[in-house]
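Side chains included, hydrogens not; waters and symmetry mates left out as well; all remaining heavy atoms used.
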Amino acid sequence: MQIPLINESIKINENFEQTINNNIFINLDSSSKTKNWGDKNFFRLIKKINNINKKTFFINCLNYKSEIFNMLTEQNISFKNVSNLKISNLFKIIKNCEFTITNDTGPAHMSIALSKKTFVIFLEKNKFNYRYSKCMYPIIVNKKDNDQNIVFDKIISNTLI
């Protein structure tokens, strides 16, 4: 897939103070399979978070077909598919979320640039699993069934869920 060039600059004329609300940005995309935690893991994590405190999940998944939207609908979990938005609109969505949970890819860096708490999921095979911002919370997992507990515990210990 080819990324389209944008001729206009990104314009966000809003101040970037931390937002505490019921919105969470979830990014399923990744640049390779070695960086992708997988839809089923994200789904289990979303369910676990939603059982503690009902949230609205803004989900970005542009690079492949995902079944997560059907799974969330079946569970009656509130979400919005933001997969086809322009980058400038993604910035606004992320800005208005409490925090971000993402694979290691572009929206992770966008969230960090907006000073949002950003939980970046790194698979053990990804050798670039480092922290470069105080807003970044790297979580190293190995893609097993119980990994959502590791990610969930990190989120719980660093947010107000």
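- One distance of note links NZ of Lys95 with SG of Cys97; it measures 10.5 Å at 0.5 Å rounding.
- The closest side-chain donor-acceptor pair between Asn41 and Asp147, if any, does not fall under 3.5 angstrom.
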- Go through the steps to decide whether Ile46 and Ile77 satisfy the test side-chain contact (heavy atoms from CB on, under 4.5 Å), and finish with yes or no. CA-CA 9 Å; Ile46 289 169; Ile77 295 174; 4.0 Å; yes
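- Taking every heavy atom of both residues into account, Ile155 and Thr159 meet most closely at O-OG1, 2.8 Å.
- Here CG of Leu85 is found 11.5 Å from NZ of Lys80. Values are rounded to the nearest 0.5 Å.
- Residues Phe99 and Phe119 place their aromatic rings such that the two centres sit under 6.0 Å apart.
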Residues 105-114, side-chain donor-acceptor partners within the protein, below 3.5 Å, at least two apart:
{"residue": "His109", "atom": "ND1", "partner": "Tyr132", "partner atom": "OH", "Å": "2.5"}
{"residue": "Ser111", "atom": "OG", "partner": "Thr100", "partner atom": "OG1", "Å": "2.8"}
{"residue": "Ser111", "atom": "OG", "partner": "Thr118", "partner atom": "OG1", "Å": "2.6"}

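- Shown here for Pro138 and Phe122, the closest heavy-atom pair between the two residues is CB-CE1, 3.5 Å.
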- Task: Would you sort out whether Cys61 and Asp29 count as a side-chain contact (heavy atoms from CB on, under 4.5 Å), showing the intermediate values?
- Result: CA-CA 5 Å; Cys61 183; Asp29 282 339; 4.1 Å; yes
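- Using a 4.5 Å heavy-atom cutoff, the side chains of Asp153 and Val151 are not in contact.
- Taking the side chain as every heavy atom from C-beta outward, Ile59 and Ile26 approach each other to under 4.5 Å.
- Minimum interatomic distance between Asn158 and Lys154 (heavy atoms only, all atoms of both residues): ND2-O, 2.8 Å.
- Put simply, the side chain of Asn60 does not reach to within 4.5 Å of the side chain of Leu28, judged on heavy atoms.
- Put simply, the side chain of Ile49 reaches to within 4.5 Å of the side chain of Ile101, judged on heavy atoms.
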Distance-only check: which donor-acceptor pairs under 3.5 Å involve side-chain atoms of residues 66-73, not counting sequence neighbours?
{"residue": "Ser66", "atom": "OG", "partner": "Asp39", "partner atom": "OD2", "Å": "2.7"}
{"residue": "Ser66", "atom": "OG", "partner": "Ile68", "partner atom": "N", "Å": "3.0"}
{"residue": "Glu67", "atom": "OE1", "partner": "Asn70", "partner atom": "ND2", "Å": "3.2"}
{"residue": "Thr73", "atom": "OG1", "partner": "Phe69", "partner atom": "O", "Å": "2.8"}

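- Of the candidates Phe57, Phe152, Trp37, Phe25, Phe42 forms a ring-ring contact (aromatic ring centres under 6.0 Å, His included) with just one, namely Trp37.
- Under the 3.5 Å distance criterion, with hydrogens and angles disregarded, a donor-acceptor pair is assigned to the side chains of Lys48 and Asn149.
- In this structure, Val82 and Leu90 have side chains that are in contact, with non-hydrogen atoms separated by less than 4.5 Å.
- You'll find the side chain of Asp104 stays beyond 4.5 Å of the side chain of Ile121, heavy atoms only.
- Note that the NZ atom of Lys40 and the CD atom of Gln148 stand 12.5 Å from one another [nearest 0.5 Å].
- No donor-acceptor pair under 3.5 Å is formed between the side chain of Ser78 and the backbone N or O of Thr56.
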- Residue pair Met136, Val120: steps toward the side-chain contact (heavy atoms from CB on, under 4.5 Å) verdict: CA-CA 7 Å; Met136 180 181 185; Val120 183; 4.1 Å; yes
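- Atom CG of Asn51 sits in a crowded spot, with more than 12 heavy atoms from other residues, nucleotides or ligands closer than 6.0 Å.
- Across Glu98 and Lys116, no two heavy atoms sit closer than the pair O-CD, 4.2 Å.
- Using a distance-only test at 3.5 Å, with no hydrogens or angles considered, no donor-acceptor pair links the side chain of Arg44 to the main chain of Lys47.
- A donor-acceptor pair under 3.5 Å is formed between the side chain of Asn50 and the backbone N or O of Lys55.
- The residue from Asn103, Asn36, Thr102 that alone fulfils the side chain to side chain donor-acceptor pair (under 3.5 Å) condition with Ser30 is Asn36.
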